[in-house]
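To keep things clear, I will list the structure first and then write my remarks on it.
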2 protein chains.
Amino acid sequence: MFNFFLYLYLLMLKAERLQKIVEQVAKDNKVILDDLSQLLNVSTDTVRRDIKELSDKGLLKAVRGGAIVGSPVHPHFKERQHIDTQQKKVIAQKALEFIKPGLVLLVNAGTTTTAVISALPKDISLTVITNSFPVVSILEDYPNVNVFFIGGQLNKPAFSTIGYETIEAIRNFRADVCLLGICSIDLKVGITGFTYEESLVDRAMIETSKYVIALSTYDKIGVSDPYYVCAANAIDALITEKDPSLADLDGFKDAGIMIK
Amino acid sequence: MFNFFLYLYLLMLKAERLQKIVEQVAKDNKVILDDLSQLLNVSTDTVRRDIKELSDKGLLKAVRGGAIVGSPVHPHFKERQHIDTQQKKVIAQKALEFIKPGLVLLVNAGTTTTAVISALPKDISLTVITNSFPVVSILEDYPNVNVFFIGGQLNKPAFSTIGYETIEAIRNFRADVCLLGICSIDLKVGITGFTYEESLVDRAMIETSKYVIALSTYDKIGVSDPYYVCAANAIDALITEKDPSLADLDGFKDAGIMIK
DNA sequence: TAATTAATTGCAAATTTTTGCAATGTTTAA
DNA sequence: TTAAACATTGCAAAAATTTGCAATTAATTA
């Protein structure tokens, strides 16, 4: 028989658990795995998985044996919750081929580029220039990555900077590779975006980079948005989650774009 | 038999131990292996390995018999965040008096300025210009605050930007009020800081602001650090957690500085 | 409603990390 | 030079983590 109170109890326990863990960390600056396991009446495995979940959200930092307070940066800026889609993981893996130690990378703001940065090996040596707060927050933990942040007006919904100063700052750099997460690309229309300000930033990034890699899920191909960024052949490579030999992509290959 | 010290040892996470070592080094400029071994209830071997690990990360310099400060780096933001919290709250409340809607605020990076920003009413209308990531992340939730982020080289331990571009960007603004968290202030020596790069940023901020408010815990008064920022009378107001009528502060009042 | 899919949780084996100890080598200072 | 202090290395026990698996439960869909 369905037991409503048992149901409620179990549901609350889940919510409580995560909340209690966060509270404990806030109070003591740390939590210990075995203590929590006892306190919350679940196995250490479950607590470990809870901690990992909270750690992914940026609410604390998982360490061996428990957890400690995380970085003071707002969890929103970490934005890693929504990036773990299968498609983005595939794109991220493919993009890693292009990223060799020593390069100067210019990275725009978006969940796809964030996924690529998350996938970088912890010890890689790079220079990364970006206007994305989530990218910076990931690279905080990379000791050999020199990060340069592009200032400007805070663009709250995208966790990035935009505007005149951002574009001027971009023009002062010369990057080896531009990692460009895009909204949409069409062979004839070119690359287009949702917002005017971001399209300007993207264009500046493309113009100042030697090699441009566009990152896009397959469903954004052949689509267009209101604001023009650049012609399709302004990019050097296009990475999607699909097999590059797909016939749909032949037009891009003919235009001299490497498909991965 | 119940062993209290074993119990303590079991409760101490390795990550905590590493933090404590860094704290000790920051406090005393040095640590001695055997002392730490006693204090932390682990063998000297373990302390030695900890020190090596921290040394690899550049957080201190391993020497025979212990460790000393590496490059004169400021302790990490995370370590400073939870010290003197009560005093910082008092300072934050006093600082609110100065922050009127509509102002253009220039805010430097530090745990004290972060505390002030946290204390702002959620609906205030402001323009905030800052090079501090924690400040931006707090202001993300303030719908009526227009935020401008100053780009530059990422300064990982302080969660801020520094360097040539940062200073150039600061010079393009003209702020009403500068909120300046400071390392130390002395009437004769002036304001001084712990790192060269940050002292340059602070100086640029002061120069471009109409009204400068220095924020300092009382114990930083009459103290000096290696890098000169500006003369004491370059600031307009000084806020500490203590009563402004304290005789120790009379010198500042005579120099025309408002004490709060 | 029933069947399927997805999520949660605990268990256990394999693996990795941590830690103290002891043997050996190196540096320091009287 | 020699004795003491310190560092390095390898090793083994203990602890923590990873991984795959199975049982249970929740959510979705036909």
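This structure is a prediction, so every number in the text was calculated from the model and none was measured. Here is the naming used below: chain letters follow the sequence lines, and residue numbers restart at 1 for every chain.
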Value in whole Å for how far the [atom2] atom of [N] lies from [atom1] of [X]:
| X | N | atom1 | atom2 | answer |
| --- | --- | --- | --- | --- |
| B/Glu53 | C/dT18 | CD | P | 6 Å |
| B/Met12 | C/dT18 | CE | P | 16 Å |
| B/Ile51 | C/dT19 | CD1 | C1' | 16 Å |
| B/Lys14 | D/dA14 | NZ | P | 20 Å |
| B/Glu16 | D/dA16 | CD | P | 14 Å |
| A/Asp50 | C/dA7 | CG | P | 16 Å |

Looking at [Y] and [X], is any side-chain nitrogen of the basic one under 4.0 Å from a carboxylate oxygen of the acidic one?
| X | Y | answer |
| --- | --- | --- |
| B/Asp141 | B/Lys122 | no |
| B/Arg49 | B/Asp45 | no |
| B/Glu53 | B/Arg48 | no |
| A/Lys30 | B/Glu16 | yes |

* Does a nitrogen or oxygen in the side chain of A/Ser43 sit under 4.0 Å from OP1 or OP2 of C/dG10? -> yes
* To do: Would you work out how much the helix from C/dT1-D/dA30 to C/dA30-D/dT1 bends between its ends, with each end axis defined by five base pairs, to 10 degrees?
  =>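 Between the first-five-pair axis and the last-five-pair axis there is 30°.
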* Aromatic ring pairing B/Phe133/A/Phe149, orientation class (parallel under 30°, perpendicular over 60°, tilted between) -> perpendicular
* **Distance-only side-chain donor-acceptor flag, A/Ser224 / A/Ser184, under 3.5 Å** => no
* For B/Lys88 and B/Thr111, test the side chains for any donor-to-acceptor distance below 3.5 angstrom and give the result as yes or no. =>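 Side chains of B/Lys88 and B/Thr111: pair found under 3.5 Å.
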Could you pull out the protein-nucleic contacts involving nucleotides 17-22 of chain D (nitrogen or oxygen on both sides, under 3.5 Å)?
{"from": "D/dT17", "atom 1": "OP1", "to": "A/Gly65", "atom 2": "N", "distance (Å)": "2.8"}
{"from": "D/dT17", "atom 1": "OP2", "to": "A/Arg48", "atom 2": "NE", "distance (Å)": "2.9"}
{"from": "D/dT17", "atom 1": "OP2", "to": "A/Arg48", "atom 2": "NH2", "distance (Å)": "2.8"}

* To do: For A/Glu23, enumerate each residue passing the salt bridge (Lys or Arg N to Asp or Glu O under 4.0 Å) test, keeping only those at least two apart in sequence or located in another chain.
  =>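 Testing A/Glu23 for salt bridge (Lys or Arg N to Asp or Glu O under 4.0 Å), a comparison that skips the adjacent residues, returns none.
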